[in-house]
Protein chains: 4
Amino acid sequence: MKEKRQLILESAEKLLATDGFHGLSMQKVANQAGVAAGTIYRYFDDKEALIEEIKLNIMQRVATAIQKDIDDNDPIKVRFRSMWLNIWHFAISEKNTFLNRNQYEALPSSNLIKLKELEKKIFAQVNQLFIDGLEQGVFKPLSVEILVGLSLEASVCLARKHSQGFFTLTDDDLNSAIEASWDAIIKH
Amino acid sequence: MKEKRQLILESAEKLLATDGFHGLSMQKVANQAGVAAGTIYRYFDDKEALIEEIKLNIMQRVATAIQKDIDDNDPIKVRFRSMWLNIWHFAISEKNTFLNRNQYEALPSSNLIKLKELEKKIFAQVNQLFIDGLEQGVFKPLSVEILVGLSLEASVCLARKHSQGFFTLTDDDLNSAIEASWDAIIKH
Amino acid sequence: MKEKRQLILESAEKLLATDGFHGLSMQKVANQAGVAAGTIYRYFDDKEALIEEIKLNIMQRVATAIQKDIDDNDPIKVRFRSMWLNIWHFAISEKNTFLNRNQYEALPSSNLIKLKELEKKIFAQVNQLFIDGLEQGVFKPLSVEILVGLSLEASVCLARKHSQGFFTLTDDDLNSAIEASWDAIIKH
Amino acid sequence: MKEKRQLILESAEKLLATDGFHGLSMQKVANQAGVAAGTIYRYFDDKEALIEEIKLNIMQRVATAIQKDIDDNDPIKVRFRSMWLNIWHFAISEKNTFLNRNQYEALPSSNLIKLKELEKKIFAQVNQLFIDGLEQGVFKPLSVEILVGLSLEASVCLARKHSQGFFTLTDDDLNSAIEASWDAIIKH
DNA sequence: TATGAATGAGTCTTCATTCAT
DNA sequence: CATGAATGAAGACTCATTCAT
């Protein structure tokens, strides 16, 4: 029964979003999922494995969200705007997941290399965007990772602070912020 | 005896940097500080309070580091560069503190408002930089918080990824990154 | 299907010899036997019953081993020597079974009386040896049980310590030990 | 407070004697000792350490019992008889401890060598008895360990079976058994 | 009959917190 | 003020047993 595995995963994710990392005990996950504690261990080797899977799950969701409705044939700027906004909207719609991101991000992954490869794969369109920009000479000659850090990560930073209630952005601000991110990476 | 309180605080911070959040038990803090476990409770209500204080302590250290050797009379660009590099070097010299930052940053602060006020105070010079930039019409007309998020936060993002070993930056890259951050916030 | 019962029994015994008493979980037994966990319960009431049966099984094997190639018509001394050596060799060839013996031997048997009767039956030739010795006036006038305890049990003791690596016996030592056991029970 | 450590040790031993190895959970030990579960861990690293200590404790008690009122200057035969009877009486008076001996005896000791050395030390008088016997040419020329196995261990075997109710010995039987053990090891 | 997913009580162990000294 | 022994409620994980299929 594949469903139960999924059920556990979702329950764990929900708890993580709600109570943060502290609130993630196997017992609570079991309760949330409506299964016995022992049942979890039929589907996951141990807590670490469960968390690892959650990370992958979320990463996948994030990737899907960011790359939603992105057409690789669209102009670079259009794609950039879309992704930026996708991040923004995802951050707002899944506020808790997003805010807690820090907590499991810092956790040591058992296989960092495999993770990075996976990342490259599921964020292929993001990658493509920057490769295209570099090839077309639009972007500053920096590595893709750095360019991402300078532009889209800013979106993430702002979204987090926004979610934490540090400040609010008008639509105009939002547009300006996108333009600013764009300014950061293009040649002038 | 004010010293003992400070002693505990420093011991806790040290443990946090060394063993991460996981390894922070009151007993270990007590051992590290050379006091009895119960003694901690004379100076801090509970573990949460201790952690809260650690956060503040670190925030103070970060502020000091960022604003080191900054002269408010220097040109904006000069100050910006200095701060950017200060962040970068701090991230490298206190790598563990920096990487673990994520872990306690996400913890819910009991009094967010007070925190924000404090932040404004201890990061006064950072604030001043952006206010000056806005007044002189150099920066895009956005709030200080947003401008910070678009520029200096990028430094933090890059530094973190750098510390995690995701990539390395040459000196040229570093300069380009600073320019990029600058490009993000200035008018074009 | 009588075979499946036997299959489970043998698998359990094997695990016991390999992993000791600690490693004997019903799940492992099931895996080893290639049946489902639930299936075990068709043939055995519970774990205790399974273990009880294992004990009997092993006892039977021990009896067979000890009485191997024993001819009730041979002289007493010859039979005694053979049995002593049979014990010794069995202990060496089935070292693990032998060493773990302690662990389940101590477990409370539900029906001690039945066990004793069974013992008398399957160790009939051992019994016969001592009865013959007593009748012929060779042995000291003590009960069979005591005589066994004074002579053959010594073989078991020595074999165990030998298996545990406490000491090693040369062939000469072995012969001397047999003679010593013999000296213990004969009249002088 | 040395008492509490001892209290826990004794409680654990008692449980071991009463319920066997199965009944030895840390929680039960705590209950029996009237302390909190966590308290045990102030005095013992983990369950294994506790058990190890129990083993040593019992071994010490056994040694003390066996060598009680033994005068190394007494004739060999006298000492032998005394020890034999000491074993016998100890087995009867501490029946449960004795019967469960098997269970922890089989447990793997973390440091077997140290254990054997200790054994040699605390059973010094037993050792001395056999050394004297060998030197005086009374005993068969075998190693001490083997001689012990052939004589005093028989006492242990008989005592165990006696305790288990397999048979009973009259005083005459007892004397005969002692003589038989003696016969096993002396030259004829 | 056989299966094996599910159960949940029980295991060892940790640790924030208290309180008598 | 300081101590540190004691607490006991969680924590992660195991495993004998059941039961719907």
Side-chain angles (χ1 to χ4, degrees), chain A residues 1-5 7-8 22-31 33-51, chain B residues 1 4-5 7-8 22-31 33-51, chain C residues 1 4-5 7-8 22-31 33-51, chain D residues 1-5 7-8 22-31 33-51:
Chain A
M1 203 193 301
K2 201 80 188 183
E3 295 169 32
K4 194 152 282 186
R5 185 188 161 86
L7 176 64
I8 291 168
H22 265 54
L24 195 74
S25 83
M26 298 305 260
Q27 193 53 246
K28 282 185 186 167
V29 171
N31 291 344
V35 303
T39 303
I40 299 177
Y41 291 86
R42 287 203 65 73
Y43 299 96
F44 304 92
D45 278 351
D46 50 21
K47 197 182 184 183
E48 198 188 324
L50 173 60
I51 289 171
Chain B
M1 208 191 301
K4 197 156 279 185
R5 186 188 162 84
L7 178 63
I8 292 168
H22 221 64
L24 193 76
S25 80
M26 298 302 261
Q27 195 55 246
K28 280 185 188 168
V29 171
N31 290 344
V35 302
T39 304
I40 301 177
Y41 289 83
R42 291 229 150 268
Y43 299 96
F44 304 92
D45 278 353
D46 50 22
K47 197 182 185 184
E48 200 188 322
L50 173 60
I51 289 170
Chain C
M1 203 192 302
K4 196 157 282 187
R5 185 188 162 86
L7 178 63
I8 292 168
H22 221 65
L24 193 75
S25 82
M26 299 302 261
Q27 195 55 248
K28 280 186 188 167
V29 171
N31 289 345
V35 302
T39 303
I40 300 178
Y41 290 83
R42 291 229 150 267
Y43 299 98
F44 304 91
D45 278 352
D46 51 21
K47 198 182 184 183
E48 199 188 321
L50 174 60
I51 288 171
Chain D
M1 204 194 300
K2 202 79 188 184
E3 295 169 30
K4 195 152 281 184
R5 187 188 159 85
L7 176 65
I8 291 167
H22 265 54
L24 197 75
S25 83
M26 296 306 259
Q27 194 54 246
K28 281 185 187 167
V29 171
N31 291 345
V35 301
T39 303
I40 300 177
Y41 291 84
R42 285 202 67 73
Y43 299 97
F44 304 92
D45 278 352
D46 50 21
K47 197 183 185 183
E48 199 189 323
L50 174 60
I51 289 172

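Computed over heavy atoms, backbone and side chain alike; hydrogens, waters and symmetry mates excluded. Throughout, protein chains are lettered first and strands after them, A, B, ... in sequence-line order, and every chain is numbered starting at 1.
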Requested in this report: Kindly give the heavy-atom pair with the smallest separation between C/Met26 and C/Leu50, and that separation in Å.
Outcome: SD-CD2, 4.1 Å
Query raised in the report: Given atom CD of A/Glu3 and atom C1' of E/dA6, what is their separation to the nearest angstrom?
Result: 15 Å
Close N or O pairs between protein and nucleotides 15-18 of chain E (under 3.5 Å):
{"residue": "E/dA16", "atom": "OP1", "partner": "B/Lys47", "partner atom": "NZ", "Å": "2.6"}
{"residue": "E/dA16", "atom": "OP2", "partner": "B/Met26", "partner atom": "N", "Å": "2.6"}
{"residue": "E/dT17", "atom": "OP2", "partner": "B/Tyr41", "partner atom": "OH", "Å": "3.0"}
{"residue": "E/dT17", "atom": "OP2", "partner": "B/Lys47", "partner atom": "N", "Å": "3.0"}

Report summary line: Base-paired stretches in DNA chain F with three or more consecutive Watson-Crick or G-U pairs, both distances under 3.5 Å, amount to E:2-21 with F:2-21
Query raised in the report: What's the spacing between D/Asp46 CG and D/Ile40 CD1 if we round to 0.5 Å?
Result: 11.5 Å
Report task. Spell out, as yes or no, whether a donor-acceptor pair under 3.5 Å connects the side chain of C/Lys47 to the backbone of C/Leu24. Result -> yes
Query raised in the report: To the nearest 0.5 Å, what is the distance between NZ (C/Lys4) and CZ (C/Arg42)?
Result: 11.0 Å
Query - Between OH on residue A/Tyr43 and CG on residue A/Leu7, distance to nearest 0.5 Å - result: 9.5 Å
Requested in this report: Please report, rounded to the nearest Å, how far the C1' atom of E/dT7 is from the OH atom of A/Tyr43.
Outcome: 12 Å
Query raised in the report: F/dT7 C1' sits how many Å from D/Ile8 CD1, rounded?
Result: 13 Å
**Report entry** C/Ile40 CD1 to E/dT1 P, straight-line distance once rounded to whole Å
**Finding:** 17 Å
Query raised in the report: Taking CG from D/Asn31 and C1' from E/dC12, how many angstroms apart are they, rounded to a whole number?
Result: 14 Å
Report task. Figure out the CG/P separation between A/Leu50 and F/dG11, and round it to whole Å. Result -> 15 Å
**Report entry** Contacts of B/Ala37 that satisfy side-chain contact (heavy atoms from CB on, under 4.5 Å) - sequence neighbours left out
**Finding:** B/Gln27, B/Ala30
Query raised in the report: When rounded to the nearest 0.5 angstrom, what distance separates OG1 in D/Thr39 from CZ in D/Phe44?
Result: 11.5 Å
Query raised in the report: Separation of B/Arg42 atom CZ from E/dA20 atom P, in whole Å?
Result: 14 Å
